[in-house]
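One is the number of the first residue; the rest follow in order along the sequence. These values consider heavy atoms only, across backbone and side chains, with no hydrogens, waters or symmetry-generated copies.
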Amino acid sequence: MLEEKMLEKKVWAVVGASDNPEKFGNKIYKKLKSKGYKVYPVNPNYEIIDGDKCYSDLSSLPEVPEVIDMVVAPKHGMKVIEEASKLGVQNVWLQPGTHSKEIMELIESKGLNAVQACVLVALS
């Protein structure tokens with residue numbers, strides 16, 4: 001199953017990570033870290049999240065993540081998918097509320113793998 005294959009990958013980027021404990025971008029980031037994943041927070045609005053350097057975009061990460069976890073609205077996600085494709089990222093995990101018909105068509109046209117599920121549920 002694709003979901004399980006993605007969860008086996010150890011280098012993730014959380015696009016839309018947040019330092020607000022109430023937000024999913026924070027809960028997902030911390031959950032992945034607590035489960036032993038190497039996780040990069042990506043959000044141009046923060047410099048630090050949970051004590052870690054936060055990156056403005058995927059291109060500024062020190063390595064290419066194996067999976068990107070999308071916690072942003074579809075209108076912001078389109079640009080992220082384009083960037084991920086250019087960098088060679090193959091796997092996109094779409095949290096509930098982050099996908100649209102357009103974003104799914106873009107992912108398909110780029111030949112990327114996509115899972116639509118809540119990673120918090122998958123890791124619990």
Asks: Can you check whether N20 reaches N26 side chain to side chain, under 4.5 Å on heavy atoms?
Replies: no

Asks: More than 12 foreign heavy atoms under 6.0 Å from CD of E108: is that the case here?
Replies: no

Asks: Is the shortest side-chain heavy-atom distance between C54 and I48 below 4.5 Å?
Replies: no

Asks: State, to 0.1 Å, how close A13 and V42 come at their nearest heavy-atom pair, and which atoms those are.
Replies: CB-CG2, 4.1 Å

Asks: Quick one: does L7's side chain get under 4.5 Å of L123's, heavy atoms only?
Replies: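 The answer is yes; the side chains approach within 4.5 Å.
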
Asks: Between K79 and D57 (salt bridge meaning N to carboxylate O under 4.0 Å), is one present in this structure?
Replies: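 Salt bridge absent between K79 and D57.
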
Asks: What is the distance from atom CG of L94 to atom OG of S100, rounded to the nearest 0.5 Å?
Replies: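 If we round to the nearest 0.5 Å, L94:CG and S100:OG are 9.0 Å apart.
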
Asks: To the nearest 0.5 Å, tell me how far S85 OG sits from L106 CG.
Replies: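 Reported value, rounded in 0.5 Å steps: 7.5 Å.
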
Asks: Please tell me if the side chains of P41 and Y46 come closer than 4.5 Å, counting only heavy atoms from C-beta onward.
Replies: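 Not touching, per the 4.5 Å side-chain cut-off.
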
Asks: May I have the step-by-step check of side-chain contact (heavy atoms from CB on, under 4.5 Å) for K33 and K38, ending in yes or no?
Replies: CA-CA 7 Å; K33 267 178 55 172; K38 186 173 192 181; over 6 Å; no

Asks: Do any pairs count as a ring-ring contact (aromatic ring centres under 6.0 Å, His included) and have a residue in residues 78-124, sequence neighbours left out, and if so which ones?
Replies: W12-W93

Asks: Using the rule given for side-chain contact (heavy atoms from CB on, under 4.5 Å), can you reason through I28 versus L120, listing the C-alpha separation, both sets of side-chain angles and the distance that settles it, and then say yes or no?
Replies: CA-CA 6 Å; I28 290 163; L120 293 172; 3.8 Å; yes

Asks: Between Y37 and K35, is there a cation-pi geometry (under 6.0 Å to ring centre, at most 45° from the normal)?
Replies: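 Pair K35/Y37 does not count as cation-pi.
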
Asks: With sequence neighbours excluded, what pairs up with N91 under the side chain to side chain donor-acceptor pair (under 3.5 Å) test?
Replies: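 Residues passing side chain to side chain donor-acceptor pair (under 3.5 Å) with N91: N113.
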
Asks: As an exercise, state the distance from CD of E82 to OG of S109, rounded to the nearest 0.5 Å.
Replies: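 That separation rounds to 7.0 Å.
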
Asks: Looking only at heavy atoms, what is the nearest atom pair of A117 and P96, with distance?
Replies: O-CD, 3.8 Å

Asks: Roughly how far, to the nearest 0.5 Å, is the NZ atom of K86 from the CD atom of E83?
Replies: 8.0 Å

Asks: Side chains of N43 and Y55: is there a donor and an acceptor less than 3.5 Å apart?
Replies: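 No - no donor-acceptor pair under 3.5 Å links their side chains.
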
Asks: Do the charged groups of E102 and K75 touch, with an N to O distance under 4.0 Å?
Replies: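 Judged by the 4.0 Å cut-off on N to carboxylate O distance, E102 and K75 do not form a salt bridge.
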
Asks: Do V89 and P65 come close enough that some side-chain heavy atom pair is under 4.5 Å?
Replies: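 Answer yes - side chains close enough.
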
Asks: Would you compute the distance between atom OG of S18 and atom NZ of K23 and round it to the nearest 0.5 angstrom?
Replies: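 Separation between the atoms: 6.0 Å.
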
Asks: Within this structure, what is the CD1-NZ distance for the pair I49 and K30, rounded to the nearest 0.5 Å?
Replies: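 With rounding to 0.5 Å, CD1 (I49) is 10.0 Å from NZ (K30).
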
Asks: Without placing hydrogens or testing angles, list every side-chain donor-acceptor pair under 3.5 Å for residues 66-73, not counting sequence neighbours.
Replies:
unit_1	atom_1	unit_2	atom_2	d
E66	OE1	K10	N	2.9
E66	OE1	V11	N	2.9

Asks: Answer yes or no: is there a side-chain heavy-atom contact under 4.5 Å between P62 and Y40?
Replies: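 Yes, close enough: below the 4.5 Å cut-off.
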
Asks: Side-chain heavy atoms under 4.5 angstrom apart, residues restricted to Ile, Leu, Val, Met, Phe, Trp, Tyr: same cluster for I103 and M6?
Replies: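 Each belongs to a different hydrophobic cluster.
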
Asks: Do M104 and V80 belong to the same hydrophobic cluster, where Ile, Leu, Val, Met, Phe, Trp and Tyr are linked whenever their side-chain heavy atoms lie under 4.5 Å apart, directly or via other members?
Replies: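 Yes, one cluster joins them.
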
Asks: Do other residues, nucleotides or ligands put more than 12 heavy atoms under 6.0 Å from the CD atom of E3?
Replies: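 Enclosed.
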
Asks: Evaluate L58 against V15 for side-chain contact (heavy atoms from CB on, under 4.5 Å), listing each step before the verdict.
Replies: CA-CA 8 Å; L58 295 173; V15 178; 4.0 Å; yes

Asks: Heavy atoms, side chains only, cut-off 4.5 Å: are L87 and S59 in contact?
Replies: yes

Asks: I'd like to know if Y29 and V119 are part of one continuous hydrophobic network [Ile/Leu/Val/Met/Phe/Trp/Tyr, side-chain heavy atoms within less than 4.5 Å].
Replies: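 Same cluster.
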
Asks: Check for a donor-acceptor pair, side chain of T98 on one end and backbone N or O of Q95 on the other, with a separation under 3.5 Å.
Replies: yes

Asks: Under 4.5 Å between side-chain heavy atoms, hopping through other hydrophobics if needed: is there a path connecting L112 to M78?
Replies: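 Yes, one cluster joins them.
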
Asks: Measure the shortest side-chain to side-chain distance between V92 and I81 over non-hydrogen atoms and say whether it is less than 4.5 angstrom.
Replies: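 Counting from C-beta outward, V92 and I81 do come under 4.5 Å.
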
